[in-house]
Amino acid sequence: MSTTNGQWYPPEWPERIRLLSAGELTPVTPRRAATVLLLRDGPDGQDTPQDAQGGDGEHSPDELDAPERLDTVPEPTEAPEGPETPPEGLRNAAGGARLAVYMLRRRASMAFAGGAYAYPGGSVDPRDERMVTWAGPSRAQWARRLGLDPSEATQAQAIVCAAVRETFEEAGVLLAGPTPHTVVADTTGDDWETDRAALVARDLSFAEFLDRRGLVLRSDLLGCWARWITPEFEPRRYDTWFFVAALPRGQRTRNASTEADRTVWIRPGDAADGYDRGELLMMPPTIATLRQLAAHGSVADALAAAADRDLTPVLAQARVENGELVLSWPGHDEFTKHIPGVTGGHSA
């Protein structure tokens, strides 16, 4: 990868684009996926981009994610209803609040985006379509919000379930509770870890997990922020919905993923600065969502803004101009790449 900032750019892409334009490469159908931008408010003092980038990657979750860095852990309480109020689980610091987002660094050995900073997330499991006890907007409402056909209510549930499930699998944070208005206050302990490991191994479906524990999935704690589709010339393709959610009160993040070697709470603007300096490697959707979040000063502001976010899918395009290939992402000019010496063109 050659870049002056932290943009993830696989060196094999120009050749794959050439093959695609020549009809020698068949695009892979993208898998549906979901990722979650966990948010919390707190004063200055959370981990810096240098902390996230430096070191040997063996810091414990306590070093990186200790809640006392931002605030104390209040007792869980029931939340008021309504879309304009902060949902149950919103963490508030006393004064000087600053929005922070939870990020993980993918291990360099990962075949897709190795070494890049990202958010917890992953592919939809077909079993995510199984019925669960549900709180929040209806499945049909979620289908409309996600840009799906109204008949795809079950698929909409699967995407929301994938977002909640993957957040628990990779960060140990669970957006579910014993009632439609509460969230579990603690997900630590051997019994929780046993269930989490069974979910990761696909020995346990998410529906079975929730039913066994008598939990309600809190879809109302999620706001959908963006949708990106991996370019047609990439062999590992995902149709990914990006969600925002507040870190539930009493819960704490930890690096529970075998795919990550480091985790960090960081202000979106600080993470973007690290990317601009070439210190933090990120895929275009990651840095784009960070720049958008940086405009919001609190978790409540970001959650309120999610309701009006445009979810038109972002899909890369490639074309030939003046003997060079131009790779671009509509609406995101900063990611445009000019690649000399590539013949043929394709719009994806």
Side-chain angles (χ1 to χ4, degrees), residues 30-40 61 65 89 101-107 110-113 116-130 132 134 136 142 146 155-177 183-184 187 192-210 213 215-230 236-248 251-265 283 285-286 289 306:
R31 299 179 62 182
R32 284 178 170 171
T35 192
V36 176
L37 287 65
L38 278 175
L39 308 174
R40 71 182 186 188
D65 303 326
V101 61
Y102 181 73
M103 302 189 74
L104 52 85
R105 185 175 66 187
R106 295 172 59 82
R107 293 185 181 276
M110 297 295 294
F112 183 80
Y117 278 81
Y119 314 111
S123 299
V124 170
D125 181 338
R127 297 177 301 173
D128 289 332
E129 294 185 5
R130 296 181 181 178
V132 300
W134 182 275
W142 269 111
L146 298 178
Q155 289 75 24
Q157 175 197 285
I159 293 166
V160 173
C161 280
V164 176
R165 174 180 53 76
E166 288 284 344
T167 303
F168 179 58
E169 289 181 9
E170 296 194 349
V173 170
L174 183 60
L175 303 176
V183 180
V184 293
T187 59
W192 286 102
E193 177 55 26
T194 296
D195 281 350
R196 192 198 66 79
L199 286 168
V200 173
R202 299 298 181 258
D203 294 331
L204 180 70
S205 73
F206 193 54
E208 291 168 335
F209 164 72
L210 293 176
R213 289 185 170 269
L215 295 175
V216 180
L217 184 143
R218 293 289 306 277
S219 80
D220 55 323
L221 299 187
L222 291 164
C224 202
W225 192 263
R227 180 182 178 185
W228 289 65
I229 302 176
T230 313
R236 298 171 183 83
R237 300 191 66 210
Y238 301 93
D239 183 353
T240 305
W241 283 263
F242 288 73
F243 295 86
V244 290
L247 177 67
Q251 294 190 38
R252 60 185 298 163
T253 53
R254 61 190 179 90
N255 185 6
S257 172
T258 59
E259 298 179 356
D261 62 6
R262 179 177 292 271
T263 62
V264 65
W265 280 100
M283 293 176 281
T286 309
T289 49

Taking it one step at a time, do Phe243 and Leu146 satisfy side-chain contact (heavy atoms from CB on, under 4.5 Å)? CA-CA 10 Å; Phe243 295 86; Leu146 298 178; 4.0 Å; yes

For the residue pair Trp265 and Thr253, confirm or rule out a side-chain donor-acceptor distance under 3.5 Å.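 There is such a pair between these side chains.
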
Main-chain N/O of [Y] paired to [X] side chain as donor or acceptor, under 3.5 Å:
{"X": "Thr187", "Y": "Gly172", "result": "yes"}
{"X": "Gln157", "Y": "Arg130", "result": "yes"}
{"X": "Gln251", "Y": "Leu174", "result": "yes"}
{"X": "Tyr238", "Y": "Trp228", "result": "no"}
{"X": "Arg105", "Y": "Ala116", "result": "no"}
{"X": "Thr35", "Y": "Pro120", "result": "yes"}

Interatomic spacing from [atom1] in [X] to [atom2] in [Y] - rounded to 0.5 Å:
{"X": "Thr263", "Y": "Glu170", "atom1": "OG1", "atom2": "CD", "answer": "11.5 Å"}
{"X": "Leu215", "Y": "Leu175", "atom1": "CG", "atom2": "CG", "answer": "11.5 Å"}
{"X": "Arg31", "Y": "Arg237", "atom1": "CZ", "atom2": "CZ", "answer": "13.5 Å"}
{"X": "Thr240", "Y": "Arg32", "atom1": "OG1", "atom2": "CZ", "answer": "11.5 Å"}
{"X": "Arg227", "Y": "Trp241", "atom1": "CZ", "atom2": "CH2", "answer": "4.0 Å"}
{"X": "Thr194", "Y": "Leu199", "atom1": "OG1", "atom2": "CG", "answer": "11.0 Å"}

List for me each residue that meets side chain to side chain donor-acceptor pair (under 3.5 Å) alongside Asp125, sequence neighbours excluded, and say none if there are none. Arg127, Arg202

Residue set satisfying side chain to side chain donor-acceptor pair (under 3.5 Å) with Glu208, at least two apart, ordered chain then number -> Ser205

Considering all heavy atoms of both residues, which atom of Ala176 and which atom of Arg218 are nearest to each other, and what is their separation?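 Scanning both residues, the minimum pair turns out to be CA-CG, 4.1 Å.
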
Shortest non-hydrogen separation from Gly136 to Ser219 and the atoms involved: CA-OG, 3.5 Å

Just one of Leu104, Leu38, Thr289 clears the side chain to side chain contact (heavy atoms under 4.5 Å, CB included) bar with Tyr119, so which one?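 Testing Tyr119 for a side chain to side chain contact (heavy atoms under 4.5 Å, CB included) against Leu104, Leu38, Thr289 leaves exactly one candidate, Thr289.
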
Are the side chains of Cys161 and Leu217 in touch, meaning some heavy atoms are under 4.5 Å apart?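 Cys161 vs Leu217: side chains touch.
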
Under the side-chain contact (heavy atoms from CB on, under 4.5 Å) rule, what do Val164 and Leu221 come out as? Steps first, then yes or no, please. CA-CA 10 Å; Val164 176; Leu221 299 187; over 6 Å; no

Walk me through it: do Phe209 and Arg196 pass the test side-chain contact (heavy atoms from CB on, under 4.5 Å)? CA-CA 9 Å; Phe209 164 72; Arg196 192 198 66 79; over 6 Å; no

Could you please spell out the steps behind the side-chain contact (heavy atoms from CB on, under 4.5 Å) verdict for Val124 and Ile159? CA-CA 6 Å; Val124 170; Ile159 293 166; 4.2 Å; yes

Aromatic contact, Phe168 with Phe206 (centres under 6.0 Å): no

Salt bridge (Lys or Arg N to Asp or Glu O under 4.0 Å) involving Asp195 - partner list, sequence neighbours excluded: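 Residues passing salt bridge (Lys or Arg N to Asp or Glu O under 4.0 Å) with Asp195: Arg212, Arg213.
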
